[in-house]
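Structure first, commentary second.
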2 protein chains.
Amino acid sequence: MAITVLLVDDHPVVRTGLRALFDNSDDVQVVGEAASGEEAIALAEHLHPDVVLCDLRLGDGIDGVETTAALRAQQPAPAVIILTTFDRDVEILRAIEAGAAGYLLKDVSPATIVSSLKEAARGGMVLAPEMAKRVVDGMRHPRPRLTEREMEVLRLLGTGASNREIARELFVTEATVKTHLVHLFSKLNVESRAKAVSVARETGLL
Amino acid sequence: MAITVLLVDDHPVVRTGLRALFDNSDDVQVVGEAASGEEAIALAEHLHPDVVLCDLRLGDGIDGVETTAALRAQQPAPAVIILTTFDRDVEILRAIEAGAAGYLLKDVSPATIVSSLKEAARGGMVLAPEMAKRVVDGMRHPRPRLTEREMEVLRLLGTGASNREIARELFVTEATVKTHLVHLFSKLNVESRAKAVSVARETGLL
DNA sequence: CTCCTCCTCAACCCTTTGGTTGAGACGGAT
DNA sequence: ATCCGTCTCAACCAAAGGGTTGAGGAGGAG
């Protein structure tokens, strides 16, 4: 019995490519395509694919991570493999946490995609060695847990907002903003707003 | 006589998708595939395709813009269409300046790709309305021309460096850094280092 | 109830930044 | 020879940012 797979990617070209790729394989059958996370969730509800091959960026709607979480909550839950061009640490970690069975970059060979898919259908995990390394690194160096408010401040910080502007935006006083900033600096291990934005970008917090 | 096209994309999946797409079209014939800019330039030299369909990001080597410039310098010069996921203003402007006949986003329909390709083969330009708008906007609001030194300062600014750190890095005094910064702020039309980084990122200067 | 986290705010101090003016040196263009 | 753009630097001032201490209220967990 062939493995059934649902393709999720907002780029028609990529979907076409994947479909063409699996058409040459006897044991993989594409049972559906979705251009958004919402569509994917709805389709999976009916199609019950063995595996969902999902991009991380999905246009305007929900992203691949949220889609993965929703899919994994279904009964029966399909295996989800993330197939994307981006390889930032956070993305990978978030995807794994959400229940993804694998994380592939789009520059891998078609053969790898097919074999990964089979592995996932068997219930296995699919992580390229470099990916696996990042996962354990991510576990070892846990990303600081920022509170919701701190994240809001960080986001505004990224736009170049001054303390006064941040205060106005969040309906608090500058004193409060400064307090959040001090906590933020401490958690990110930096000593200036500029560096905070810089490291937040690097680590993917922003 | 069918239009000959060379596909350039570092993702095998995308190339497969495009190839599958054109296989259904009688008047378009894929004559080659390249996974890098260097490979594309070498192949075009021999194949003389009518059109080159090229991604902007091409892995580690030269990018799509440089590839476009090199291709347009060949005799006869193929038409070049940029097909990418990114739509930052600078990228588009740079691609057009380099001689691209079109700029498409990967989320367009397959039909659009085919028709755009034909248009380019006829010597025409292919710009989606929103793209065209950005181009004229880009012409109207010319990106500020920063000097080399100012760019270095801007780059360091992006890493969150303080004036002191920038000064050390560039082997000048803080006074000089401040002078550069004032010029930078004026050219970018901002009033703080944070905002400077923010708009530089938005406009693609950084 | 009490401990703890998070969010809020204030007063104080010192450092860094941003803005201004002015100026010397160098190289290329006219 | 002269102008112009670029890079360099200095001195000065006002504003913003960063660091500290302390503290009150709201809400959840034990």
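Chain A is the first sequence line, chain B the second, and so forth, proteins listed ahead of strands; every chain is numbered from 1.
Dashed line: the shortest gap from a side-chain N or O of Thr176(B) to OP1 or OP2 of dC7(D) is not under 4.0 Å. His183(A) has no side-chain polar atom (N or O) that falls below the 4.0 Å cut-off from OP1 or OP2 of dC6(C). For dT17(C), the OP1/OP2 oxygens have no side-chain nitrogen or oxygen of Arg193(A) closer than 4.0 Å. For Asn163(A) and dG17(D), the shortest distance from a side-chain N or O to OP1 or OP2 is below 4.0 Å.
Within 4.0 Å of Glu191(A), counting heavy atoms only, lie sugar-phosphate atoms of the nucleic acid but no base atom. Using a 4.0 Å heavy-atom cutoff across all strands shown, Val182(B) reaches at least one base atom of the nucleic acid. Note on Thr179(A): a base of the nucleic acid sits closer than 4.0 angstrom, heavy atoms only.
Salt-bridge annotation for Lys106(B) and Asp55(B): present, with a side-chain N of the basic residue lying under 4.0 Å from a carboxylate O of the acidic one. Taking the charged nitrogens against the carboxylate oxygens, Asp9(A) and Arg19(A) have no contact shorter than 4.0 Å, which rules out a salt bridge. Salt-bridge formation is detected for the pair Glu119(B)/Arg122(B): a Lys NZ or Arg NE/NH1/NH2 atom is positioned less than 4.0 Å from an Asp or Glu carboxylate oxygen.
Summary of the strand contacts: Thr147(B) and Ser162(A) both lie near DNA chain D, and taking for each the nucleotide with the nearest heavy atom, the more 5' one is attributed to Thr147(B).
In this structure, the nucleotide among dC7(C), dT8(C), dA10(C) sitting nearest to the side chain of Ala175(A) is dA10(C). In the set dG19(C), dA16(D), dT8(C), the nucleotide with an atom closest to the side chain of Arg164(A) is dA16(D).
A distance-only check finds a donor-acceptor pair linking the side chain of Arg149(B) to the backbone of Leu170(B) [under 3.5 Å].
Whole-Å rounding puts the Glu174(B) CD to dA10(D) C1' distance at 13 Å.
Judged by distance alone with a 3.5 Å cut-off, a donor-acceptor contact links the side chain of Lys178(B) to the base of dG19(C).
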